[in-house]
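Inspection log for the structure reproduced underneath, given as structure tokens.
Protein chains get the first letters and strands the later ones, always in sequence-line order, with residue 1 at the start of each.
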Amino acid sequence: MKSIRKIDAIPKLNGSWKFLDDYSYEEMIHGQLLYSTCHHGFIKKIAFPDGYNLSEFTMVSAKDIPGENIVPEPECDQPFMAEKEVFHFGQVIMGIAHPDRKLLREFISNTKIEYEELSAIIDIKECLENQKNAFGRELTIDHRTGKKPDPNWIHHHKIYYTPHQEQAYLEPQGMIAVWQPEDKIMFVRATCQCPFFVKEGVETIMSDTIKEAVIETSEGIGGAFGGKEDFPSLLAGITSLLSYKSGKPVKIVLEREDDIQITTKRHPARIEINSWTDPETKKIMKIDIDYRLDAGAYQTLSPVVLARGVLHAISGYCIPDAFIRGRLFRSNTPSNGAFRGFGAPQAFAAMEAHIDDIAANLKVNPYEFRKINIFKSGDEFPTTQPILEDHLSDCLECVIEKSNYLNKLKEFKEWNKTHKDKKGIGISIGYHGGGYTGNGEKVLNSEVKVVIKKDATVMIFVANTDMGQGAHTTLAQMFFEAIDHPREKCLVQLPNTSKTPNSGPTVASRTIYIIGNLLRKFAFKIKDELGFENLEDYVASNQNEFPREFRMNFVQDPSVVFDDENYVGVAYKDYSWAACVTEIYYHADTYQIELTKNWSVMDIGKVVNQKIATGQAEGGVLQGLAYGLCEFFYKPGYGRMHGFTDYALPTTMDIPEINIEFIHTDTPIAKGLGEIPMDFPAPSVRNAFHNATGVFIDEIPLIPERILGSIKNLELGI
Amino acid sequence: MKFIKPENIDSLLENLEDNKGRTYFLAGGTDLNVQIKNGIIRNPNIIYINHLSELNGINAANGSIIIGATTSFHEILESKIIRLHLPFFQKSLESFASPLLQNSATIGGNIANGSPTADVVPLLLILDAEIELSSKTRNRSIYLKDFFNGYKQNVMESNEIITKIIINKSAEKNFITFYEKVGSRKALAISKVSLAGMKRVSGYKITMIKLSVGSINEYPRRLFKVEDYLTDKTASEIDFTKVEELLDKEITPITDLRSDKEYRYHVCVNLIRTFINQ
């Protein structure tokens, strides 16, 4: 629980740590991507502008690729660069490099591409409403009883929509490739989450022309939120090809506008729910969920997002008869990808809205209704995975009490009777399975390495990156606290694929949960093996044994057995649980919702570093609230937002009072924290708005223009 | 790109006489630099003016507050003179962009850039502000309401520059004031609608009212027709259907990436109603 200061705090404050664009190499030139402005069509002609000396430029396109023109992904269907046909706006057609960055930008912006345009699906609803657009593997979780619904049960049917969301990392995507012909090594400096994914990407595009790709991250990675999970593989491939062809180091840093327009976003979703509730017991007896994601033009990693989506689709309720169907839909827009929550925020946005819809219909307050239906130990998930603890219910009870929810319900009701503006309060709950889904961690077989030096310094080698979330501070802390070693003598090394074993990607709330707990075990194991009480004393008196290297692999708990064909079994060994209450103030004149307070209670198991954990939780909760309230990315007829002027991230002025509490912390296991704070808050805003006005809006975010459309004709009283 | 840094105001005005084609004055640069970076303005002729002390500062003289064109919003927000005489104006500008931009952006720049969303303009319009335009041969003052004549268009000659903004010291005196800037967030927002209002009420009767709107026409404007209708009426005498009818003649809200015309219209109506009933 010690709040140890982040190791990157001071070097980031004083500017001494380097982010990707701070690195420079001798003779380095600059690259940029020439991408399609057509949604679907054949490339007819690429016309470069006059007045430039073309021999100064290095250009690569699909035909220059010595290896495979396919980005390695869970579903390998996306090329690094388009060949004859482009399938979406933003698809990369060429990589172009020149010594002068500004001149290169002008050159690219004046390059004209002619297309023979073909029909394209660019609108989210057009994509998701038409079942003909479904592609890839359909996932189903079948927990049906085969019985017909009782005629007395009340049927509810609703369709919920969730939007794109932009990761909005501070540092845009960037890559530097340095071709070293003498030893045939392609060295890549990356701002990324998954160095080994980047390595695979470069080795796929370069094939036998290189012996090996070596990936090292920049010292500072300025945020990622999932956005730097797979796009860096594509970017690194093209940057490497440019370096190979030019013989010079090449740096590509995306302009913010390009980054916002062409890189991966959170998948928009259409989630249709049919439910049947027993009006006597107020229990939901049967549910049918149709979960659809707009994947973009290619599947890439969307099947994995879909998997997590369907596995979290039912939210935290015990519903005896359940059927969940998940499908990906194709559109002519850039592939959507990883974003904190990974399919779960969409699932909770729908199901937590639906719960309030049913409660309102049955005239039960949203808390009572949740309390009746929430799952408890002894119940099971639709995959038949048993629920082993009541911690979700504990989160709900705790947050209801802390927020004084029941009294506020009454108080706001009275206040609203005499005011044009309205106050509202809303609940939502959620959970997140830690680590890769199903058998994923078994397949990953993560390995970590530790080197203990002669001065008893412990060097930790893991592939997991610190992108500002504090992972390297916390991972080291888990090791040195286990054996009571001085913190300054325990450091995580900068990930480099030639020195670091593959401990897997920095995704899926697995860094602390899988790698951190592994390091903790590892520390105990080394202590047992060497038989020391104090590592420093031991090293001092056994100098000839050091430096010494130790390695250890992650071993999955044998109880985790998941049938990936039928979606039956244990999908995740440990879940983090959460519940929140959000208060809003609704401004009637401007149709704006102002967030006033949020209470979030989470069970993330052991809290390794209180300050870092609280920071992560506050940031995630805000990201989740903004997803429900204001982050609006695509407008039919007008397209995508261009930058942070239009894309309304909340500012510090917009942040409500956020109160975070962690419960059930008295356990040795630190569970996933990365994603859970983002998963659950969005629907609480929507539910609070209903509490304030009596109006349900089934599409987030609740921007004022959408609110006006929904309430224009409704009399709100006073 | 041509870049000139004149030594003093005379040399600046001299330069403007020889000026051929469009010139951009660079002060805070918060609009200009973005437009250059985004390629909206290419190879501009730039005259840097932020160092000219004649154009900077806030003074009270002869019943007026005079604000130099290159005075930053930060300076206005910190000014004791403004706080004493124009507290409503000062308070309203707190929602301008963010502290970083307030430090750099200038009042003259916000006007000259001519954006329909310029935050300072609706406020200056209801304060009946004047601006001084200077050239080598003459100085002339015009009311700000007469300055714009189209989207990003104004009456300034190619040899002129805005040097001062002049507001009557008692412009706010005995007025009930109203200002609401509606954006997608509380700071760093470009307004979707803004409404500035001042009124005097005697008994229940509105004896004088001034209203202006931003982001809703090709440039921020006073709502003179609505003002005329509301003057000398009590709240109960006001027919809101009539207000909406008049408003239709005075505003031309549009739908764009940022918002919708219906939204802009309804918010405008609601804010006027709230101000009248205040």
task = Report, as yes or no, whether the 6.0 Å neighbourhood of atom CZ on B:F240 holds more than 12 heavy atoms from other residues, nucleotides or ligands.
result = yes

request  = Measure distances from A:E106 to the heavy atoms of chain B and classify the residue's part below 4.5 Å as side chain, backbone, both or neither.
outcome  = neither

ask   = Would you find a donor on one side and an acceptor on the other, under 3.5 Å apart, between the side chain of A:Y591 and the backbone of B:V267?
value = no

request  = For A:D589 and B:N270, work out which heavy atoms get closest and say how close.
outcome  = O-ND2, 3.0 Å

query = Between A:E255 and B:K37, is there a side-chain N and carboxylate O pair less than 4.0 Å apart?
reply = yes

ask   = Does the side chain of B:R185 reach to within under 4.5 Å of the side chain of A:L649, using non-hydrogen atoms?
value = yes

inquiry  = Taking atom CZ as the centre, does B:F3 end up with more than 12 heavy-atom neighbours from other residues, nucleotides or ligands that are less than 6.0 angstrom away?
reply    = yes

inquiry  = Can you tell me which portion of B:T255 sits under 4.5 Å from chain A's heavy atoms? Options are side chain, backbone, both or neither.
reply    = both

message = For a 4.5 angstrom cut-off between non-hydrogen side-chain atoms, does A:T590 reach B:K192?
response = no

key: Region of A:Y634 that comes under 4.5 Å of a non-hydrogen atom in chain B   = neither

key: Any pair counted as salt bridge (charged side-chain N to carboxylate O under 4.0 Å, His left out), so long as it reaches residues 632-650 of chain A, sequence neighbours left out   = A:K635-B:D260, A:D646-B:R258

ask   = B:V193, B:T274, B:D256: which one forms the most heavy-atom pairs within less than 4.5 Å of chain A?
value = B:D256

ask   = For A:L629, is it the side chain, the backbone, both or neither that has a heavy atom under 4.5 Å from a heavy atom of chain B?
value = neither

task = Nearest 0.5 Å please: distance from the OH atom of B:Y263 over to the CZ atom of A:R706.
result = 13.5 Å

inquiry  = Out of A:E594, A:E257, A:H642, return the one with the most heavy atom pairs under 4.5 angstrom to chain B.
reply    = A:E594

key: Side-chain donor-acceptor pair present, B:K186, A:T652, cut-off under 3.5 Å   = no

inquiry  = Would the distance check show the side chain of A:E705 and the main-chain N or O of B:K261 forming a donor-acceptor pair, the cut-off being under 3.5 Å?
reply    = no

query = Where on B:I190 is there a heavy atom nearer than 4.5 Å to chain A: the side chain, the backbone, both, or neither?
reply = side chain

ask   = So which of B:A187, B:S184, B:G183 has the biggest tally of heavy-atom pairs under 4.5 Å with chain A?
value = B:A187

